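So the structure is just underneath, and the comments pick up after that.
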2 protein chains.
Amino acid sequence: MKLIIIDDDPIVSSSLKKIIESHSNYTVVAIGTDGADAMPLFIQYLPDVILMDIQMKHQSGLEAASAVLSFQPSAKIILLTTFSDDEYIIEALRIGVKGYLLKQNFQSIIPSLEAVASGQHVYGAEIIHKLPSLSSPTKYSLPAQYESLSEKEKEVLTLVGQGLNNKEIADSLHMSEGSVRNCVSTLLDKLSLKSRTQLAIFFLKHFRK
Amino acid sequence: MKLIIIDDDPIVSSSLKKIIESHSNYTVVAIGTDGADAMPLFIQYLPDVILMDIQMKHQSGLEAASAVLSFQPSAKIILLTTFSDDEYIIEALRIGVKGYLLKQNFQSIIPSLEAVASGQHVYGAEIIHKLPSLSSPTKYSLPAQYESLSEKEKEVLTLVGQGLNNKEIADSLHMSEGSVRNCVSTLLDKLSLKSRTQLAIFFLKHFRK
DNA sequence: TATTTAACGTGACATTTGTCACTTCTTTTC
DNA sequence: GAAAAGAAGTGACAAATGTCACGTTAAATA
C-alpha cells in the first residue's frame, strides 16, 4: 500500500517513514515539505493514505487537504498536529479528513493508519472533545431560570422552538389559544426575553441535538 | 490482550470472537448478552477493550457504556450499530465511548480495535457526519432557494436570527420599518416558511457555528 | 378550616408582524 | 432607447402575538 508523508520538518518525515515501513506493509512513495506539494504528489502517485502535518510554512495541511478532498472526496488524509488544544478539528472534520492525530506518540500511528485504510475515521482522544456539539447542549449549561418553568411551559417552549404558532400549539397540547398566549407571555417573562422568536432561539441554543 | 463482547445475538458474538481471535493477539475472555452484563463482567475481567452492541433487549449499550465509564472513564468501549442513521452518536461521544462502528464490514473491526487499544478514537465514516456541528453550517447544505436571496435579504435574515424585531432591524440596516416588514415577507415567501420564528430557526440550523 | 400559592384559563386590548397593491429607481436585455 | 426584471420603499389593512386584570381549581400550609 502506498503512502505519502508531508511535513516541513525532515526529521519528522524520516522517522515516520522509518516507523511505518518497519511495522507494516506500507511503502512511503513520496515525501513533501509543504501543503502545496500535496496536490501534485497525490495526482502523481494516487496513494492509499496521506499523512500530513497541519502546520506548515507556506500552505497549511488544512488547505491542502481541502484541495485534495475537493478533487477526490474519498482520499484518506490523516492530519497530524502538535497541540491538543486544536481549533482546526471542526473544520478538518467538515472538509472530510479521515484522521486527526497528535504527533506525540508515534507508535499509535500504525494502528490508526490501518483503521483509516480500512475505511474508518480516527481521532486522537484529546481532540474529539473539542467538538462543540459535545459540550454545549447538556442540561448543566441551562440558565438557572429554566428550572422555574412548569412542565406545561416547557412543552410550549419546545413547540415554539419547532416554529409552531399559537393555534397549532393549542391544538397539539389540548389547550386554548388564549392559554398558549398567556403561557408564552409567562415564558418571556421568566426567561427575560422579548419575543417568541427569541424563545425559539433560546430553545435551539440549549436543546439542539 | 483481553476483550469482552456483549451482543444479544449469539451468532454475532461468536463470529466476532472467531474473527478477532484468528486475526490478532486478543483473547475474548467473556461474552455477555445484555447491557446489564457489562458492569459485572468489566469488574471481573478488567478487559483492555469492550465491544458492545448498542441495541439490546433489556439495557442498551449506551446505558451500559455510561455505567462502565462513570466507574472507569478510561475504559475502552467500542459500540457497534447496525444502522448508519444513528442518533446516539452524540450521546455516545459525550459519555466518552472510544469507538462507534457499523457492524457491517467485520474486517475493518480488527484495525479499529488496534487503534482504540493504542489510545485513539475510531468512528465509522458514515457516522461521524451525523454530528450537527459538522453537518449544519456548510454552504453546501443550504437549500437551493437560499441562493435566490438578495444581499439585503440575507442581512435581514441574519438579524431575524439574532432575535431582533422589525424596528431594531430597520435601525441597524438604515431602512424603514415598512421595508423590513416587506423584506421579511419576501424571505418567508422565498424560503416557503410561515413566520419570523421559523426564519430564525432556519437561520440557526444553517449558520450556527 | 382558612390562607396561601401555583398552574391554568378567559377575554379585552395594544402591539407587532405579515400581506398586498402600487411606486420608484436601477440594471439588463433586446 | 424601450421593455423587462428586480431590488427597495410606502401605506393601508389583516392576522398573529403579547399584555393585563381577573377567575377557577387544586395542592400545600398554618
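Just the heavy atoms: all of them, side chains too, but no hydrogens, waters or symmetry mates, feed the values below. Lettering follows sequence order; numbering is per chain, from 1. Keep in mind it's a predicted model, so treat the numbers as computed, not measured.
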Next on the checklist: Please report the distance, rounded to the nearest Å, between NE2 in His174(B) and P in dG9(D).
Outcome noted: 12 Å

Checklist entry - Hey, is the side chain of Asn166(A) poking within less than 4.0 Å of OP1 or OP2 on dA16(D), counting only N and O atoms? => result no

Checklist entry - Could you give the CG-to-P distance, from Leu193(B) to dT17(C), as a whole number of Å? => result 17 Å

Checklist entry - CD of Gln198(B) versus P of dT17(D): gap in Å, rounded? => result 10 Å

Checklist entry - Given dG18(D), is OP1 or OP2 found less than 4.0 Å from the side-chain N or O atoms of Arg196(A)? => result yes

Checklist entry - Is there side-chain contact between Lys17(B) and Ile5(B), with heavy atoms separated by less than 4.5 Å? => result yes

Checklist entry - So, Gln72(A) and Ser74(A): side-chain donor and acceptor under 3.5 Å apart, yes or no? => result yes

Checklist entry - Tyr123(B) vs Tyr123(A) aromatic rings, parallel, tilted or perpendicular, using cut-offs 30° and 60°? => result parallel

Checklist entry - Atom NZ of Lys152(A) to atom C1' of dA6(C): distance rounded to whole Å? => result 15 Å

Checklist entry - How close or far is atom C1' of dC13(D) from atom CZ of Arg181(B), stated in whole angstroms? => result 11 Å

Next on the checklist: Return whichever of Ser179(B) or Gly178(A) has its heavy-atom-nearest nucleotide of DNA chain D closer to the 5' end.
Outcome noted: Ser179(B)

Checklist outcome for this item: Ranking dG18(C), dT17(D), dC8(C) by distance to the side chain of Leu188(B), first place goes to dG18(C)

Checklist entry - CD of Glu177(B) versus P of dT17(C): gap in Å, rounded? => result 7 Å

Checklist entry - What nucleic acid atoms does Ser195(A) come within less than 4.0 Å of, heavy atoms only: base, sugar-phosphate, or nothing? => result sugar-phosphate

Checklist entry - Side chains of Asp53(B) and Ile6(B): closer than 4.5 Å at any heavy-atom pair? => result no

Item to check | Euclidean distance, atom CG of residue Asn165(A) to atom P of dA16(D) [Å, nearest integer] | outcome: 7 Å

Item to check | Euclidean distance, atom CG of residue Leu187(A) to atom C1' of dA7(C) [Å, nearest integer] | outcome: 13 Å

Checklist entry - What nucleic acid atoms does Lys167(A) come within less than 4.0 Å of, heavy atoms only: base, sugar-phosphate, or nothing? => result nothing

Item to check | Heavy-atom check, side chain of Leu157(A) versus side chain of Phe202(A), under 4.5 Å | outcome: yes

Checklist entry - So, is Ser176(A) near the phosphate of dG9(C), with a side-chain N or O under 4.0 Å from OP1 or OP2? => result no

Item to check | Most 5' of Asn182(A) and Lys190(A) on DNA chain C, judged by nearest nucleotide | outcome: Lys190(A)

